[in-house]
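By convention here, the first residue in the shown sequence is residue 1.
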Amino acid sequence: MASDDYVHLLLIDDPDHRQTLLSFKAHLEMYNQVNTGEYTNWDKLSENPCEWYGISCFLGKVNGIILANMKISGEMFGNFSALTELTHLDLSSNTIRGSIPDDIMFCRKLSYFNVSHNILMGEIKLTELNNLEIVDLSMNRMNGGVQLRFLPHSCESLRILNLSDNNFTGRIDNNMFSKCLKLEYLDLSSNNFSGDLSDGFARLKEFSVSENNLTGEILSTMFPVFCNLQILDLSRNYFYGEFPAQVSNCRRLVNLDLGGNNFSGKIPQEIGSILTLESLYLGSNKFSREIPDSLLKLTNLAILDMSKNNFGGDIQEIFGKFTQVKFLALYGNSYTGGIHSLGILMLLNVARLDLSYNNFSGPLPLEVSQMSSLKFLILACNQFSGNIPPEYGHMSELQALDLSFNELNGSIPASIGNLRSLLWLTLANNALSGKIPPQIGNCSSLLWLNLANNQLSGEIPPDLINIGRNATAIFETNRKVSQTAAGFGECLVMKRWIPAHYPPFSFVYDILTRKSCRSMWDRLLKGYAIFPTCVWGSTVQTLQITGYLQLSLNLFSGEIPYNIGKMLNFSMLHLGGSVPSTGQLATFEEDSYLGDPNLILPAFIKNDTKHEEKGNVKAGKKKSKSQGYLAILIPVLALLISGAISFTSYIFYKRQKNSSVFLLDGRKDRHDSLASSSSSQISETECISMDKTMLKKSDILIATRNFSKDRIVGSGGYGTVYRGTLPDGRKVAVKKLHREGIEGEKEFWSEIEILTRNSFGWPHPNIVQLYGFCIVRSKKLLVYEYVDGGSLEDFITGKIKLPPKRLVGGPGEEFLVDWARRVVGQPLGSDGLAEEMRELLKIGVKCTAESPQARPNMMEVLAMVSNISLAAE
């Protein structure tokens with residue numbers, strides 16, 4: 001080919017194509033007047049469209065538009081068909097909304113079509129696009145059924161079809177894909193498909209239907225002799241019965257995921273003959289305890305997930321023989337022993353070990369410190385007690401250590417400061433005491449630290465500001481590994497990582513699916529951010545990794561370190577103590593401090609009046625040290641570091657979409673017509689709603705008739721509960737707390753933290769939902785949903801008896817507690833709901849023990865209910 005001919009290939013010879021692109025540019029600029037992209041320079045830098053950014057040409061015609069991840073919003077352009085030679089169209093990873101125009105069906109030569117990761121909705125037809133080879137519509141809001149009218153009339157060229165993370169419905173029938181003879185990759189996960197699964201998919205290389213509503217048994221005919229599958233993902237559905245041994249016909253299978261179903265019986269020993277298998281996920285099922293020895297022959301097996309099968313008893317001895325495994329998940333199995341004696345802590349190749357949500361007790365195992373390859377150790381939600389062994393500071397490769405929700409006590413060992421690779425440390429919800437060791441400041445990679453809800457005391461060490469200052473080396477190491485996070489544990493670890501109540505982390509909660517958990521966790525461990533922040537000295541949002549520090553619900557005293565503002569890599573600081581009167585924290589306005597009304601603020605902070613009064617009171621009492629909770633959220637930190645107001649706008653935009661907590665200032669109603677002693681107190685309040693509905697002080701006063709006695713439904717040592725109805729029709733119970741001081745503060749915030757703990761699936765079906773709360777100087781209000789049927793106290797004390805029709809296994813009327821104690825050991829049924837009811841009754845019986853010392857506290861109740869939720873999934 002002569003050089004002149006080659007140049008001609010890159011020069012557009014159709015003026016209509018150029019005009020169409022300029023119309024497309026005008027369309028983009030109309031919807032994107034702020035976040036503009038490279039397309040704004042199309043006709044400014046060159047007259048030749050073939051040289052424009054994102055445009056490719058062939059034979060003088062536009063054949064490709066690649067504008068992925070360009071911050072494009074607005075509706076989709078409706079005249080692509082005017083580009084008659086268009087073969088590639090990629091508009092992925094933007095925020096394009098609305099439906100896909102019917103015009104797309106007239107792009108007859110289109111072979112590559114990718115509009116994934118947008119907010120497109122509605123139904124779509126591809127019937128006329130017979131040349132399609134790759135279609136990716138994933139991560140949108142599309143709906144309707146995937147029927148024959150959805151696919152091209154002739155789909156002989158189709159190789160890849162990804163419809164995951166949408167709202168598609170209907171049945172999955174192989175007949176609709178029978179003419180797609182070249183189809184190799186089919187992803188239908190995270191939709192609303194239902195019904196059973198037909199045969200015929202074994203000819204594919206990858207097939208995923210995870211996170212749907214599919215049911216029925218998996219038949220042996222699904223796996224014929226010439227099975228071609230390399231990846232099979234049936235997880236998170238409602239399949240049941242024994243899994244067929246014929247899966248061994250899939251000799252090329254690399255990844256088999258059956259997790260999150262109701263499979264039962266024995267694990268097929270024939271799986272051990274699939275020598276190519278690298279990942280085996282069998283968690284969240286009802287498989288028997290017997291683990292076939294044949295699995296030990298899988299020399300390529302790196303990931304083994306046997307979690308949440310409720311095996312019980314000791315850990316099976318065979319797990320100590322999986323020397324080839326790198327990632328081992330045994331969480332949620334109700335194990336009680338075997339952790340020390342059965343060899344599981346001698347697996348020197350294991351990089352990630354998850355034994356959380358079991359019933360292990362006694363001291364933490366010392367042997368784990370000898371596992372030289374260990375990078376992720378998850379022992380949360382057990383009953384371990386005693387001290388944290390200093391030997392844990394010798395695990396030089398450790399990147400994540402989660403010991404939360406146990407019964408650990410004593411001090412945090414100074415040797416933790418030796419963990420220079422540590423990215424995430426959570427010791428929350430234990431009974432740890434003493435001071436934070438200053439050596440922890442040596443953990444230069446530690447970006448996510450959670451020590452909340454312990455009994456730690458003393459001053460916050462100034463050395464703490466040195467954590468997380470440089471994690472680059474660890475991130476670079478992780479980027480060299482293709483699968484850092486292993487992908488199991490589903491979203492449990494991810495949810496414990498997220499500080500659910502605070503932006504910018506909180507909005508992540510609403511977009512979590514099992515797939516997104518895996519990808520986001522992997523991104524975090526490789527140092528890739530999942531939301532934008534403003535870096536030092538800039539008002540431009542960038543995807544920079546960001547950390548958090550949680551120290552709330554402890555017994556700290558003294559001032560917060562004055563140089564805390566130097567923690568530039570942190571988006572959220574949730575601390576306890578007194579605010580220093582000098583330094584950057586003193587530049588914040590009063591509204592920046594959410595939480596403890598006893599927190600001592602400098603007198604010169606804007607609009608500060610109540611703290612001056614408190615100062616006078618405390619002066620009369622020889623000035624005591626205060627305990628507090630300080631939440632410094634990302635908009636505030638952004639103002640501190642860069643004055644970036646734009647990020648605040650971003651957070652509020654996210655809040656409108658995926659909000660979990662809303663701050664509403666009620667001061668404008670100071671002269672409410674219901675002014676009284678009660679209302680005058682509430683006029684100084686901040687009301688926080690846990691959803692998108694309004695929660696105002698005046699509505700609470702009207703609902704409770706100014707806390708009238710005839711609205712009282714219960715009273716105790718902790719507070720008085722009033723019933724009422726909000727303007728939006730919701731029936732509420734308003735608890736007005738009695739206790740003040742440090743203990744009252746701790747109980748108040750502990751209850752809020754528990755009842756809003758999304759990481760355990762809140763709102764929980766068995767626990768009352770918290771609508772919001774108000775802070776009234778030193779008084780506090782909690783607003784719950786109202787549950788009819790009398791108070792629990794009435795049932796417990798015998799004022800109300802349960803009639804026979806509301807009892808299971810009872811001949812007549814009976815007190816609630818007597819009935820629960822009697823039937824807790826009786827069979828209540830064979831389904832999962834009956835078992836869940838039995839476990840809840842056990843908790844109720846413990847809570848009504850005659851001796852107060854024998855009753856569990858709220859944190860213990862939380863852990864027990866969480867375990868029930870886990871088992872029910």
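The closest donor-acceptor contact from the side chain of N255 to the backbone of I231 lies at 3.5 Å or more, if one exists at all. Checking side-chain atoms of N237 against main-chain N and O of F239 turns up no donor-acceptor pair under 3.5 Å. Between the side chain of N261 and the main chain of F263, no donor-acceptor pair closer than 3.5 Å is present. Side chain of T20 to backbone of D16: a donor-acceptor contact under 3.5 angstrom is found. Not a single donor-acceptor pair under 3.5 Å links the side chain of N41 to the backbone N or O of Y39. For T95 (side chain) and I72 (main-chain N/O), a donor-acceptor pair under 3.5 Å exists by modelled atom type.
In this structure, the separation between CZ on R159 and NZ on K182 is 8.5 Å, given to the nearest 0.5 Å. L525 contributes atom CG, which lies 11.0 Å from atom CD1 of I474 (distance to the nearest 0.5 angstrom). Between atom CE of residue M142 and atom CE of residue M121 there is a gap of 10.0 Å, rounded to the nearest 0.5 Å.
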Between S164 and N162, is a side chain to side chain donor-acceptor pair (under 3.5 Å) present by the stated rule, with each step listed? CA-CA 6 Å; S164 63; N162 188 349; 2.8 Å; yes

Test side chain to side chain donor-acceptor pair (under 3.5 Å) on Y185 and D187 and set out the steps. CA-CA 7 Å; Y185 305 91; D187 190 344; over 6 Å; no

Full working for side chain to side chain donor-acceptor pair (under 3.5 Å) between N63 and S56: CA-CA 6 Å; N63 73 337; S56 62; 2.9 Å; yes

Residues Y53, W42; criterion side chain to side chain contact (heavy atoms under 4.5 Å, CB included); working and verdict: CA-CA 7 Å; Y53 181 90; W42 273 355; 4.2 Å; yes

Set out, in order, the CA-CA distance, both residues' side-chain angles and the distance that settles side chain to side chain donor-acceptor pair (under 3.5 Å) for S138 and D165, then state yes or no. CA-CA 6 Å; S138 61; D165 291 277; over 6 Å; no

Working note: F223 + L232, criterion side chain to side chain contact (heavy atoms under 4.5 Å, CB included); need CA distance, chi angles, decisive distance, verdict. CA-CA 11 Å; F223 306 110; L232 175 62; 3.6 Å; yes

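Residues E38 and M70 have side chains in contact (heavy-atom distance under 4.5 Å, counting atoms from C-beta outward). Taking the side chain as every heavy atom from C-beta outward, D257 and L234 never approach each other to under 4.5 Å. Side-chain contact check for R108 versus E128: some heavy-atom pair is nearer than 4.5 Å. Looking at heavy atoms from C-beta onward, I100 lies in side-chain contact with M76 at the 4.5 angstrom threshold. Counting heavy atoms from C-beta outward, I104 and L89 have side chains that approach closer than 4.5 Å. The side-chain heavy atoms of L280 and I303, taken from C-beta on, include no pair separated by under 4.5 Å.
In the model, S111 has no side-chain atom that pairs as donor or acceptor with a side-chain atom of N131 under 3.5 Å. There is a side-chain donor-acceptor pair under 3.5 Å between S235 and D233.
With ring centers used as reference points, W448 lies 6.0 Å or more from W424. Centroid-to-centroid, the aromatic rings of F24 and F80 come within less than 6.0 Å.
By the neighbour-count criterion of 12 heavy atoms within 6.0 Å, atom NZ of K179 is sparsely surrounded, having that number or fewer from other residues, nucleotides or ligands. For D102, the CG atom sits in a loose shell: 12 or fewer heavy atoms of surrounding residues, nucleotides or ligands are nearer than 6.0 Å. The 12-atom threshold is not exceeded at CZ of R252, counting heavy atoms of other residues, nucleotides or ligands nearer than 6.0 Å.
Ion pair E47/R18 flagged as a salt bridge, since at least one NZ, NE, NH1 or NH2 atom sits closer than 4.0 Å to an Asp/Glu carboxylate oxygen. A salt bridge is absent between E75 and R97: the closest approach of a Lys/Arg side-chain nitrogen to an acidic carboxylate oxygen does not fall below 4.0 angstrom.
Across every non-hydrogen atom of T276 and R251, the tightest pair is OG1-O, 3.1 Å.
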